[in-house]
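Quick caveat, the model's predicted, so the values are computed rather than measured.
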Amino acid sequence: YQRRVREAVVSTQSTGVLNYYTNYYYKSNLSTCIMGSNEMSEKHIRSVLNQSLIASGEKEKLLDLLKVKLIECGWRNEMKQQCREALRRNKSKVSVEELIEELTPKARSSVPDEVKRELLVRLRTFVDNNSDQFLSDS
């Protein structure tokens, strides 16, 4: 049971990391690139970006890349260890949701800078190659 819980938490954390850095990229780069003088709302642009990532299959590719990179750098094993420790502290009386809530800040902050940079470069490339779609969907 605990192994399934750890796997669920780590898998959720990987997806959460991708979503977090997609939002980070949006805030730091995309909004000024796309919005400029345009009247599109932030919510609309985020929605279009997410839909485009999903429709093109790029979101799945980014998730696969992220999972590989996080395994290579030891992040996944570190998160499993964090889950084990949290389960021990709470005598296994903790829900998956509680574990995710507890570990999310640690998971996000422990992603290596190199992995963040690579993910952000891939997002930037995707946006650059598809910017006409963002501008036409307003």
Side-chain angles (χ1 to χ4, degrees):
Y1 170 77
Q2 288 184 355
R3 182 181 177 159
R4 286 192 311 251
V5 168
R6 284 193 309 270
E7 289 298 321
V9 170
V10 171
S11 177
T12 301
Q13 290 299 326
S14 296
T15 303
V17 165
L18 175 61
N19 291 335
Y20 177 79
Y21 286 105
T22 300
N23 286 332
Y24 169 82
Y25 175 78
Y26 168 79
K27 287 178 183 175
S28 64
N29 296 292
L30 185 60
S31 60
T32 55
C33 281
I34 294 174
M35 288 181 84
S37 62
N38 203 335
E39 294 298 319
M40 287 190 287
S41 72
E42 179 177 322
K43 184 177 179 181
H44 175 74
I45 294 172
R46 283 179 196 239
S47 174
V48 171
L49 173 59
N50 193 46
Q51 289 170 4
S52 297
L53 286 167
I54 292 169
S56 68
E58 188 65 20
K59 188 166 188 171
E60 196 63 38
K61 291 176 189 173
L62 289 171
L63 269 174
D64 291 343
L65 171 71
L66 182 61
K67 287 176 184 176
V68 167
K69 294 294 182 182
L70 292 176
I71 289 169
E72 286 175 357
C73 72
W75 180 91
R76 186 177 173 92
N77 288 336
E78 182 182 332
M79 287 299 100
K80 283 182 182 180
Q81 184 60 36
Q82 294 286 331
C83 285
R84 284 186 194 102
E85 291 171 13
L87 287 169
R88 277 190 214 118
R89 277 194 311 273
N90 295 301
K91 309 284 190 243
S92 299
K93 297 178 183 176
V94 62
S95 70
V96 171
E97 292 79 17
E98 291 168 330
L99 278 173
I100 290 169
E101 185 177 321
E102 178 182 336
L103 296 177
T104 294
K106 294 175 188 174
R108 288 180 181 162
S109 66
S110 64
V111 174
D113 289 341
E114 182 179 315
V115 174
K116 294 175 195 176
R117 274 191 297 278
E118 185 168 353
L119 188 59
L120 293 175
V121 165
R122 294 279 301 262
L123 282 167
R124 177 65 185 200
T125 302
F126 178 80
V127 170
D128 288 347
N129 292 337
N130 295 283
S131 60
D132 57 326
Q133 179 181 352
F134 295 109
L135 297 173
S136 66
D137 284 344
S138 57

| task | Before accepting this row, confirm whether a basic side-chain N of the pair Asp64/Lys61 lies closer than 4.0 Å to the acidic partner's carboxylate O. | result |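 So Asp64 does not pair with Lys61 through a salt bridge.
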
Which distance, rounded to the nearest 0.5 Å, do you find between the [atom1] of [X] and the [atom2] of [Y]?
X      : Y      : atom1 : atom2 : value
Glu118 : Asp113 : CD    : CG    : 13.0 Å
Glu72  : Glu114 : CD    : CD    : 9.0 Å
Leu65  : Glu58  : CG    : CD    : 9.0 Å
Cys73  : Arg76  : SG    : CZ    : 11.5 Å
Glu101 : Ser95  : CD    : OG    : 8.5 Å
Lys67  : Leu62  : NZ    : CG    : 12.0 Å

Going by heavy atoms in the side chains, are [X] and [Y] under 4.5 Å from each other?
X      : Y      : answer
Arg122 : Phe126 : no
Val111 : Leu119 : no
Asn77  : Ile71  : no

| request: Take Asn50 and Lys59 through the test side chain to side chain contact (heavy atoms under 4.5 Å, CB included) and record every step on the way to the result. | output: CA-CA 8 Å; Asn50 193 46; Lys59 188 166 188 171; 2.9 Å; yes

| query | Just by distance, do the side chain of Trp75 and the backbone of Ala107 share a donor-acceptor pair under 3.5 Å? | reply |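 It does hold such a pair.
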
| task | Verify, without hydrogens or angle tests, whether Glu85 (side chain) and Gln82 (backbone) share a donor-acceptor contact under 3.5 angstrom. | result |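 No, the answer is negative, given that no donor and acceptor are paired below the 3.5 Å cut-off.
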
| When hydrophobic residues are tied together by side-chain contacts of less than 4.5 Å, even through go-betweens, does Leu120 share a cluster with Leu49? |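 Looking at the clustering, Leu49 is in the same group as Leu120.
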
| message | Tell me every residue that passes side chain to side chain donor-acceptor pair (under 3.5 Å) with Glu78, counting only those two or more places apart in sequence or in another chain. | response |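 Glu78 satisfies side chain to side chain donor-acceptor pair (under 3.5 Å) with no residue once adjacent residues are dropped.
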
| Non-neighbouring partners of Glu102 that pass side chain to side chain donor-acceptor pair (under 3.5 Å), sequence neighbours left out |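 Partners of Glu102 under the side chain to side chain donor-acceptor pair (under 3.5 Å) test: Arg89.
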
| said: For a quick test of reading the model, state the closest non-hydrogen atom pair linking Leu99 to Cys83 and the distance between them. | reply: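 Residues Leu99 and Cys83, closest heavy atoms: CD2-O, 4.5 Å.
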
| task | Go through the steps to decide whether Ser110 and Met79 satisfy the test side chain to side chain contact (heavy atoms under 4.5 Å, CB included), and finish with yes or no. | result | CA-CA 9 Å; Ser110 64; Met79 287 299 100; 3.7 Å; yes

